Amino acid sequence: MKTIRIPLLGLLLAGLLTLPGLAFPQDAAQMEAELEALLRPFKTMGTKGFETAWPDGKPKEKYSVASDGTVSYTKFYPAGNFAVKYQRKPDGAITYERWHGNGRSAAILTRDPRIMAYTSYWPSGIPREKFQSNFQTKDRFYIRHDEQGRQVIPRP
């Protein structure tokens with residue numbers, strides 16, 4: 001019985017050690033799917049604006065639909081600085097920005113009917129991930145860096 005437990009324990013340990021690597025996208029196709037999933041909830045927010053507030057009265061979320069069809073959503077940290085900004089224009093252009101709590105950019109995504117471009121940053125300001133996809137030519141690339149700025153995907 002002991003001889004069976006050791007290989008099973010080894011397989012379980014190897015599986016657990018590979019899980020963190022699976023949490024990050026490994027190529028451009030996975031990254032594109034994650035970005036599409038990130039934008040999906042904003043498409044279903046409706047046509048009626050709303051505002052929410054933190055218990056102290058400062059704004060928490062603000063959603064509006066302009067008369068020209070432009071959709072805007074902003075989420076704030078309790079201190080009042082921006083956490084997320086999203087805007088979708090009637091022509092299909094989308095801008096998504098997310099900030100770290102320290103006020104530095106965490107991610108910037110722009111999308112129009114032709115190109116999607118995404119860059120995310122570590123809290124120190126060093127670029128973390130870069131992705132770009134051209135919908136017309138089907139060209140796309142994905143690069144990820146560690147916290148020291150060394151490229152980890154694709155492996156150099």
Side-chain angles (χ1 to χ4, degrees), residues 14-54 58-156:
L16 289 174
L17 290 175
T18 59
L19 277 177
L22 296 175
F24 293 108
Q26 300 298 312
D27 62 15
Q30 287 180 337
M31 188 64 188
E32 187 169 359
E34 283 193 18
L35 293 175
E36 292 293 344
L38 173 78
L39 295 174
R40 196 170 298 125
F42 294 107
K43 292 179 183 176
T44 60
M45 291 185 80
T47 58
K48 191 173 185 179
F50 65 86
E51 290 185 30
T52 61
W54 292 101
K58 290 182 181 174
K60 182 177 185 178
E61 294 177 293
K62 196 181 239 185
Y63 179 74
S64 64
V65 181
S67 60
D68 69 347
T70 300
V71 173
S72 299
Y73 172 78
T74 307
K75 187 171 187 173
F76 299 92
Y77 283 113
N81 50 341
F82 294 114
V84 173
K85 270 188 178 180
Y86 169 85
Q87 186 175 59
R88 184 178 66 238
K89 302 245 180 196
D91 65 358
I94 296 173
T95 304
Y96 171 87
E97 296 178 67
R98 187 178 69 238
W99 286 269
H100 292 290
N102 63 7
R104 290 190 174 197
S105 288
I108 300 170
L109 176 116
T110 56
R111 180 189 174 139
D112 60 36
R114 191 175 61 90
I115 290 178
M116 180 188 319
Y118 173 81
T119 304
S120 66
Y121 301 91
W122 292 102
S124 64
I126 294 173
R128 180 179 182 187
E129 297 174 300
K130 289 186 178 191
F131 169 81
Q132 186 171 358
S133 178
N134 186 318
F135 301 123
Q136 293 174 342
T137 64
K138 306 295 184 208
D139 291 335
R140 57 185 171 195
F141 74 87
Y142 172 66
I143 299 170
R144 186 170 70 223
H145 298 90
D146 64 12
E147 290 187 55
Q148 287 74 42
R150 291 184 300 258
Q151 183 174 318
V152 293
I153 298 222
R155 298 211 183 269

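Worth saying up front: this structure is predicted, and the values here are computed from it rather than measured.
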Notebook entry, point to check: Can you tell me how far the CZ atom of F76 sits from the CG atom of N81, to the nearest 0.5 Å?
Noted result: 9.5 Å
Margin query: Please evaluate residues Q151 and H145 with respect to the criterion side-chain contact (heavy atoms from CB on, under 4.5 Å), reporting the C-alpha separation (whole Å), side-chain torsions for both, the decisive distance (0.1 Å), and the verdict.
Written below: CA-CA 4 Å; Q151 183 174 318; H145 298 90; 4.0 Å; yes
Margin query: How long is the straight-line distance from CD1 of I94 back to NZ of K89, given to the nearest 0.5 Å?
Written below: 12.5 Å
Next item on the list: State, to 0.1 Å, how close A93 and D91 come at their nearest heavy-atom pair, and which atoms those are.
Entry: N-OD1, 3.0 Å
Next item on the list: Given side-chain contact (heavy atoms from CB on, under 4.5 Å), test E36 with R111 step by step and report yes or no.
Entry: CA-CA 10 Å; E36 292 293 344; R111 180 189 174 139; 2.3 Å; yes
Next item on the list: Look up atom CD in E97 and atom CG in L109, then write down how far apart they are to the nearest 0.5 Å.
Entry: 10.0 Å
Check: So which heavy atom on F42 is nearest to which on V84, and how close?
Finding: CZ-CG1, 4.4 Å
Notebook entry, point to check: From M45 CE over to E61 CD, what is the distance, rounded to the nearest 0.5 angstrom?
Noted result: 6.5 Å
Notebook entry, point to check: To the nearest 0.5 Å, how far apart are CG in L35 and CE in M31?
Noted result: 4.0 Å
Check: Okay, side chain of Y77, backbone of W99: is any donor-acceptor separation there less than 3.5 Å?
Finding: yes
Next item on the list: Determine the minimum heavy-atom distance between D146 and W122, stating which atoms define it.
Entry: O-NE1, 3.2 Å
Anything under 3.5 Å between a donor and an acceptor, one on a side chain of residues 65-72, the other on a protein residue two or more places apart or in another chain? List them.
{"unit_1": "D68", "atom_1": "OD1", "unit_2": "T70", "atom_2": "N", "d": "3.0"}
{"unit_1": "D68", "atom_1": "OD1", "unit_2": "T70", "atom_2": "OG1", "d": "3.0"}
{"unit_1": "D68", "atom_1": "OD2", "unit_2": "T70", "atom_2": "OG1", "d": "3.2"}
{"unit_1": "S72", "atom_1": "OG", "unit_2": "Q87", "atom_2": "NE2", "d": "3.4"}

Next item on the list: For residues R144 and Y142, report the shortest heavy-atom separation together with the two atoms involved.
Entry: NH1-OH, 3.4 Å
Check: Ring centres of F131 and F141 under 6.0 Å apart?
Finding: no
Check: Would you call the rings of F50 and Y73 parallel, tilted or perpendicular if under 30° counts as parallel and over 60° as perpendicular?
Finding: tilted
Next item on the list: Compare all side-chain heavy atoms of L39 with those of Y86 and state whether any distance is below 4.5 angstrom.
Entry: yes
Notebook entry, point to check: Has the side chain of H100 got a donor or acceptor atom that lies under 3.5 Å from a matching backbone atom of Y121?
Noted result: yes
Item checked: Any E147 side-chain heavy atom under 4.5 Å of I126 side chain -> no
Checklist line | Heavy-atom closest contact (K58 atom, P78 atom, distance) | finding: CD-O, 3.5 Å
Next item on the list: Begin with the C-alpha distance, continue with both residues' side-chain angles, and end with the deciding distance and a verdict on side-chain contact (heavy atoms from CB on, under 4.5 Å) for K43 and R88.
Entry: CA-CA 9 Å; K43 292 179 183 176; R88 184 178 66 238; 4.2 Å; yes
Next item on the list: Hey, could you give me the OH/CG distance between Y118 and L38, rounded to the nearest 0.5 Å?
Entry: 7.0 Å
